[in-house]
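Following: one structure in structure tokens, then a few remarks.
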2 protein chains.
Amino acid sequence: MPTRTAAEVRAEARQEYDAYLATCPARRLLDRISDKWVSLLLSALADGPMRYGDLARRVAGVSQKMLTQTLRALERDGLVSRTVTPTVPIRVDYELTPLGETLLPVMRAVKDWAEQHIEAVDAARESYDSRADA
Amino acid sequence: MPTRTAAEVRAEARQEYDAYLATCPARRLLDRISDKWVSLLLSALADGPMRYGDLARRVAGVSQKMLTQTLRALERDGLVSRTVTPTVPIRVDYELTPLGETLLPVMRAVKDWAEQHIEAVDAARESYDSRADA
DNA sequence: CAGTATCCCTCATGATACTG
DNA sequence: CAGTATCATGAGGGATACTG
């Protein structure tokens, strides 16, 4: 009789794995940029600084909660800067940091692959589905 | 009195937005590669074909459900090929397709950015948190 | 060996309402 | 204007058990 069951061994492997994912740089970057709203906000900010309300309008469909939450995360990671002007009414500007700007080429690489190969993916998908339907 | 409330307008914007996201090539690629297990499987397969059980061991921590589900999705998208050898016991090999291999440079670009800039991100995060804690 | 089927539960997101 | 707080839901993912 083993000291640990197969399930226990796998559970432990998963924990180690999660710990690895939490520290793996590439994984962390993927998690960050693949967030639903991040790429939209970054590309909106690529054109220059924007106010909170401008972003809300530009990225129509985002809730206040997610807009704030996403911007805070980007600010925390040093990718976006937040500037408060304590006028009345208050004014807050968001802007890409130099670090944030270095991310744009990576986003572009993703976009380029997608635009070049998405048709092949769609064709493969259609082919797969037609086989499955048969 | 407006025909549509602000909430209705936003709800409609979200729908249009979701439709846009569903077709946007770059978005779809991001969704695909940022899936929790995809990058692991792709890099495992980058070294050559692997059997189902090999992948399960190599990517320790993945459940059978997610392993199968992820492989099926990759196969459907034409990124991975699945070859069944109906011996007893059955044997199934997975392998990157040529299309799947074109994805590796993109993954490398992500990895390179991460390795070059992750320290800056960590520093920003620490700085942000120490401010917040104050 | 390589899956499929089922249940369950957490977490992320969104809607809504309120505030400095 | 630019948020914060609270609540609800639903989809993703895991554990477990079963199968060709």
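Below, chain A is the first sequence line, B the second, and so on; all start at residue 1.
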Please determine whether a side-chain nitrogen or oxygen atom of B:Tyr52 lies at a distance below 4.0 Å from atom OP1 or OP2 of C:dT4.
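B:Tyr52 to C:dT4 OP1/OP2: no side-chain N or O under 4.0 Å.
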Return no unless some side-chain N or O of A:Trp37 is found under 4.0 Å from OP1 or OP2 of C:dG14.
yes
If only atom types and distance count, is the side chain of [X] paired as donor or acceptor with the main-chain N or O of [Y] below 3.5 Å?
X	Y	result
B:Asp35	B:Trp37	yes
A:Thr85	A:Thr87	no
B:Thr70	B:Val38	no

Nearest to the side chain of [X], which nucleotide is it out of [options]?
X	options	answer
A:Arg51	C:dA2, D:dA2, D:dG3	D:dA2
B:Thr68	C:dG14, D:dG3, C:dG3	C:dG3
B:Arg72	C:dG3, C:dT13, D:dA2	C:dG3

Without decimals, in angstroms, what is the distance between [X] [atom1] and [N] [atom2]?
X	N	atom1	atom2	answer
B:Arg82	C:dA2	CZ	P	10 Å
A:Arg58	D:dA2	CZ	P	16 Å
A:Leu71	D:dT4	CG	C1'	15 Å
B:Glu75	C:dA2	CD	P	15 Å
B:Ile90	C:dT4	CD1	C1'	13 Å
B:Gln69	C:dG3	CD	P	13 Å
A:Lys65	C:dA17	NZ	P	16 Å
B:Asp93	C:dG3	CG	C1'	15 Å

Is it true that B:Arg131 and B:Ser127 share a donor-acceptor pair across their side chains at a distance under 3.5 Å?
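Their side chains do contain a donor-acceptor pair, which is all the 3.5 Å distance test asks for.
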Quiz question: by atom type and distance under 3.5 Å, do the side chains of B:Tyr94 and B:Thr83 form a donor-acceptor pair?
no
With nearest nucleotide decided by heavy atoms, which residue, A:Lys36 or A:Gln64, maps closer to the 5′ end of DNA chain C?
A:Lys36
Under a 3.5 Å limit for both distances, which nucleotide forms a Watson-Crick or G-U wobble pair with C:dT13, could you say?
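Looking at the geometry, C:dT13 pairs with D:dA8.
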Could you please name the partner base of D:dC1, counting Watson-Crick and G-U wobble pairs only when both distances are under 3.5 Å?
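Result: C:dG20.
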